[in-house]
Amino acid sequence: MDSLAAAPMSAATEPLVALRDLHVSFTGGRAPVQAVNGVDLEVARGDTVALIGESGSGKSVTLRSLLRLHPAQRTQMRGEIRVAGLDVLGLSARQLADYRGKVASMIFQEPLLALDPVYSVGQQIVESIRRHEPVSAAAARARALQLFERVRIPSAARRLDAYPHEMSGGMRQRAMIALALACRPQLLLADEPTTALDATVQIQILLLLRELQREMGLSIIFVTHDIGAAVEVADRIAVMYAGRIVESGPARTLIRAPRHPYTLALLKGRAHGHLARGARLQTIQGSPPDLAALPPGCAFAERCAFAQDACRATQPPAVTLAADHLARCLRTEATAVAVVDPAPCQG
Amino acid sequence: MIDTPTAPLDDVGGPAQPLLSVRGLTKHFPLKGQLLGGSAGVVRAVDDVDFTVRKGETLGVVGESGCGKSTTARLLMHLIAADTGEIVFDGCVVGSRQLPWKAFRRQVQMVFQDSYSSLNPRLTIEDSIAFAPQVHGVARREAVERARDLLTRVGLEPRRFAERYPHELSGGQRQRVNIARALALQPRLIILDEAVSALDKSVEAQVLNLLLDLKDAFGLTYVFISHDLHVVRYISDRVMVMYLGQVAELGPVEAIFDAPRHPYTQALLASMPTMDPDRRTEEAPLAGDPPNPINPPPGCRFHTRCPHAEAVCKLKAPRVQAGSSSAHAVACLMHEPGSGHGRAARGDTPAMAQAAE
Amino acid sequence: MNIAVDARKIPAPVFERSPGYWRTVGRRFLRDPVAVGAAAVVLLLVMLALFGPYLTPVDPYQSSMLNRLKPIGTDGYPLGSDELGRDMLSRLMAGARLSLFMGIVPVLCAFVIGTAIGLVAGYAGGRTNTLIMRTIDVFYAFPSVLLAIALSGALGAGIFNSLLSLTIVFIPPIARVAESVTTQVRARDFVEAARASGASAFTIVRVHVLGNVLGPIFVYATSLVAVAMIIASGLSFLGLGVKPPEPEWGLMLNTLRTAIYSQPWIAALPGVMIFVTSIAFNMLSDGLRSAMDIKQ
């Protein structure tokens, strides 16, 4: 399999991205760090999924696994990653290089670090296009110009020759999006792209992503720790904790009626304006588990208000609560009654 | 042991006297220009800023990149010297004989954003906390006692944590240490410069609760700088909105969030991502990036992006009037009667498009 | 109150006593076989420098015109003899003291002076920094060997003068590294916090800055020992440093010059010693640098 032929569109019912039982661990420390422990995720064509979690939840590691960005010597991956019909874990080095950028590409949190400082952004886009498609430099440049206009960079022609450090934060992020979309990938991976941006710029970028996704029929996997950003961009949300997806479902359902105790606690613990003056925030006691020494049962059990002995004994299976709404929890009946205050929906 | 008074120590002016009163604070950073032919320009980081902080309150400071909030914090701490401006602490002018800088430093402390970089990696936790008291003459043994007591107060068991090094602690734990360190000199005012921004949300909630508890226990006053509007709304009594080195709006927190008057504040609040999947934001309230403080626009600095700008806005610069600390003050010609702005004449000031989200 | 609950309700993970920074560096260093090997060689050389003169099989100054340039392995001259009939082995052993002395002492002095200059320039910043560093740069612009020769020539030959000129040669590079590291540490928040607590500049430098900058500067300085030795031997080679009949490896290279044609192996021996010492010090410094590069 030398050339990289993506699966034909006849497999339209097959999800674009399918992660099955993905495990990723990093060796090198005293004990291997189990960053991802059995993640199952499907993303249909044209769908946007947000992966929410805090540090150590494994969301960034999961995302980077889709492009196999982890250092090969220190990383052990098992499970299945299928993107557009391709078995990503089985790709050779050459096939992987063809895959990256053309089938799936990524945007990062800090464009200054992700863009090469010694080349102009236009040059970097042209390089990417010509790597994957047999077009002339002039044609590639014309396409780069089009992309810049599409991501709403003003004075696009002039900006093509700008260097990354000459652009403002929001403009750089747009340039990075243009670079990622240069070869018309089917899947866009976004690793906290708006975390480092100011509020007024963040909302522009989120709206831009939504618009581009509609126009180009992209699928997006959007990693963030900000629930608000996830709601603005995503149709579906998956919440991660200690390397597992603990709850996933439509954004609407997750925000209004979460069923996993961790999701509940996250939503309840947010600072928002409707709290009484001087009231204390509801916190999740304790701290995240050590990924090198995970407990046998549910990783959240020791911090969970609903936990019982059964929770600590074995991994809770994924419970289907409704169409497309899953939670890995044994206590979903108890959480059904704990309704989240509707006020937070107004932020 | 540290006293836990219900009223602040050394309260000189009484409850009506503002704790901190800032007038005309200005700081321009020169750009490295050519050797000959003058400088290339200045970064007008903070330009003629006035505000007050009342005793026992939390003043939230919000604004985006380039607004000058961090520079203001450093000017208040005298980590950078101001070009002009006066700071009055509890009635005494800072830097005068009544209140020299070193004495002022005992009263005002700061917590920084980066919890790791804020701690000397070569010192143990208790040594880091005990450093400041020793500088001011406290004997080492007593300083270490105080450090351990503070560790307990911030929720870290001294037995487990006092002799650790910073790299062994998590981000939230380190930030608690930084708070303990700020309390070591028993200050009256603490400036928190994005102190919780780098923490995970669940840890942030714990630290916010801690800050509120400490405020009650020690009778502290806070200046809370943050870009997270939800947190600012939760913790502040009054809020100051800054734009390009100047104060755009200043007032009680409910007034700012429920009925913002400055068009920038309105846009900023409208930019907060919604939490309602059925009512997603359809249009960005402000286009473009926050401009550079090197060559700010003439007149009102916001006029280039303001939907209500008129010709007069380019000519006249509005100012938040100094003085009254309870009123809701706005630096906008629309709210200045007789300024020449159409809306000011008509008395028709725009409210936010949607209800407070 | 949620805060104190955390500590009590959750079973506490077992914490071992923290080893501290230098112990950790030591452990990491000991795990690196190359570094440990280099350290062993350096230790051997230092031993040789200290005790060499007492352990020589024969008197290193004893010349014998009859036994000039005897080859290696001759009876009574295990490493041959030099152009004046003196035993090479004894000369090499005795020479360690002076050669290492010429290598280490200037670097040590330059370390102290250069660090002080760099600390002041780095911490003060602004115009003071510019003034100091541009002055340093003037000296730095001269190639070190030329500068050493020029200074030695001006001061006159002799050990003390060459030590002096070598020290002056090494102050600028050390000062530059010191200034650079100090500036970086100065910018970190904990120094700002220390300033905010009202501490004097001297206290801050002593408590906060020094501990964080000495490490990198020291590592850099160890890599200069080899250079110092080579330049010192160059000076002796040119007759500006050590004077005969003192055994010093650089000087021995000089005086054995003409023996290259008749006894090349013997002529090369002092060079081999210099080479081994340089490599050992460089690898030691590399090992230290790796050990200190702890990613937190």
Side-chain angles (χ1 to χ4, degrees), chain A residues 53-57 152 154 167-171 194 197-208 210 225-235 237 250-256 265-267 269-273 275 277-285 287-288 303 344-347, chain B residues 62-67 170-173 196 199-209 212-213 216 227-235 237 253-254 257-258 264 267-292 305 355-357:
Chain A
E54 300 181 302
S55 15
S57 59
R152 311 277 188 83
M167 305 171 103
S168 63
M171 205 99 42
T194 56
L197 299 175
D198 287 314
T200 52
V201 180
Q202 175 181 260
I203 192 71
Q204 293 172 34
I205 299 291
L206 291 174
L207 292 178
L208 175 69
R210 247 181 31 212
H225 66 271
D226 181 354
I227 304 179
V231 170
E232 287 284 2
V233 164
D235 310 307
I237 297 181
R252 198 169 285 121
T253 323
L254 237 87
I255 300 296
R256 291 188 205 261
L266 267 187
L267 288 170
R270 282 179 47 247
H272 56 86
L275 289 168
R277 206 89 219 110
R280 297 296 186 262
L281 294 170
Q282 293 210 321
T283 59
I284 313 177
Q285 61 193 19
S287 50
R303 308 170 73 187
C345 283
Q346 279 97 53
Chain B
V62 297
E64 300 181 302
S65 323
C67 73
S170 71
Q173 290 167 334
V196 294
L199 302 174
D200 281 327
K201 288 286 184 273
S202 57
V203 180
E204 178 186 83
Q206 293 174 349
V207 176
L208 286 173
N209 282 350
L212 288 175
D213 293 332
D216 289 340
H227 65 274
D228 186 339
L229 294 164
H230 293 292
V231 172
V232 168
R233 184 173 194 169
Y234 167 66
I235 202 175
D237 298 307
V253 62
E254 296 83 22
F257 276 82
D258 292 333
Y264 175 64
L268 194 60
L269 292 173
S271 299
M272 294 198 293
T274 177
M275 281 297 288
D276 188 347
D278 290 323
R279 290 167 65 188
R280 301 212 277 200
T281 313
E282 286 307 320
E283 205 183 301
L286 266 190
D289 294 313
N292 206 301
R305 304 165 83 195
E357 287 261 279

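Order of the sequence lines sets the chain letters (A, B, ...), proteins ahead of strands, with each chain counted from 1.
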Nearest 0.5 Å please: distance from the [atom1] atom of [X] over to the [atom2] atom of [Y].
{"X": "A/Leu266", "Y": "B/Lys201", "atom1": "CG", "atom2": "NZ", "result": "10.0 Å"}
{"X": "B/Arg279", "Y": "A/Glu232", "atom1": "CZ", "atom2": "CD", "result": "11.5 Å"}
{"X": "B/Thr274", "Y": "A/Leu206", "atom1": "OG1", "atom2": "CG", "result": "11.5 Å"}

Exactly one of A/Thr253, A/Asp235, A/Val231 should register a side chain to side chain contact (heavy atoms under 4.5 Å, CB included) with B/Pro277. Which one does?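 Testing each of A/Thr253, A/Asp235, A/Val231 against B/Pro277, the sole residue satisfying side chain to side chain contact (heavy atoms under 4.5 Å, CB included) is A/Val231.
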As an exercise: rank [options] by heavy-atom pairs under 4.5 Å with chain A and give me the winner.
{"options": "B/Gly172, B/Ser170, B/Ala287", "result": "B/Ala287"}
{"options": "B/Asp278, B/Val232, B/Leu229", "result": "B/Asp278"}
{"options": "B/Gly288, B/Gly63, B/Pro285", "result": "B/Gly288"}

Pick whichever of A/Gly269, A/Gly169, A/Ser168 has the most heavy-atom pairs under 4.5 Å with chain B.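 Most pairs with chain B among the choices: A/Ser168.
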Look at A/Pro154, A/Ala265, A/Pro250, A/Ala279 and state which one has the largest set of heavy-atom pairs under 4.5 Å with chain B.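 Sorted descending by pairs with chain B, the first entry is A/Ala279.
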Determine yes or no for a side-chain-to-main-chain donor-acceptor pair under 3.5 angstrom, with B/Gln206 supplying the side chain and A/Thr283 the backbone.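 It does not hold such a pair.
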B/Asn209 side-chain N/O to A/Arg280 backbone N/O, donor-acceptor pair under 3.5 Å: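 No, because the side chain of B/Asn209 does not come within donor-acceptor range (under 3.5 Å) of the backbone of A/Arg280.
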Check against side-chain contact (heavy atoms from CB on, under 4.5 Å), A/Asp198 and B/His227: CA-CA 8 Å; A/Asp198 287 314; B/His227 65 274; 5.7 Å; no
Heavy-atom contact with chain A under 4.5 Å, split by part of [X]:
{"X": "B/Glu204", "answer": "neither"}
{"X": "B/Leu286", "answer": "both"}
{"X": "B/Asp237", "answer": "both"}

Taking every non-hydrogen atom, the tightest pair across [X] and [Y]:
{"X": "B/Ser271", "Y": "A/Ile203", "value": "O-CB, 3.7 Å"}
{"X": "A/Gln204", "Y": "B/Ala284", "value": "CG-CB, 3.6 Å"}
{"X": "B/Pro290", "Y": "A/Val201", "value": "CD-CG2, 3.7 Å"}
{"X": "B/Pro273", "Y": "A/Gln202", "value": "CG-NE2, 3.4 Å"}
{"X": "B/Leu268", "Y": "A/Ala199", "value": "CD1-CB, 4.3 Å"}

Applying side-chain hydrogen bond (donor to acceptor under 3.5 Å, both in side chains) between B/Ser202 and each of A/Glu54, A/Arg270, A/Gln285, A/Gln282, report the one that passes.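 Answer after filtering A/Glu54, A/Arg270, A/Gln285, A/Gln282: A/Glu54.
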Is the count of non-hydrogen atoms from other residues, nucleotides or ligands lying under 6.0 Å from A/Arg152 atom CZ greater than 12?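 Count not over threshold, so no.
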Part of A/Leu207 lying under 4.5 Å from any heavy atom of chain B: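 Answer is side chain: those atoms of A/Leu207 sit under 4.5 Å from chain B.
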Contacting region of A/Arg210 [heavy-atom separation from chain B under 4.5 Å]: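 Contact with chain B involves the side chain of A/Arg210 alone.
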Could you check if a side-chain atom of B/Asp289 sits within less than 4.5 angstrom of a side-chain atom of A/Met167, using non-hydrogen atoms only?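 No. Closest side-chain heavy atoms not under 4.5 Å.
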I'd like to know if A/Arg256 and B/Asp276 make a salt bridge, using a cut-off of under 4.0 Å between side-chain N and carboxylate O.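 Yes.
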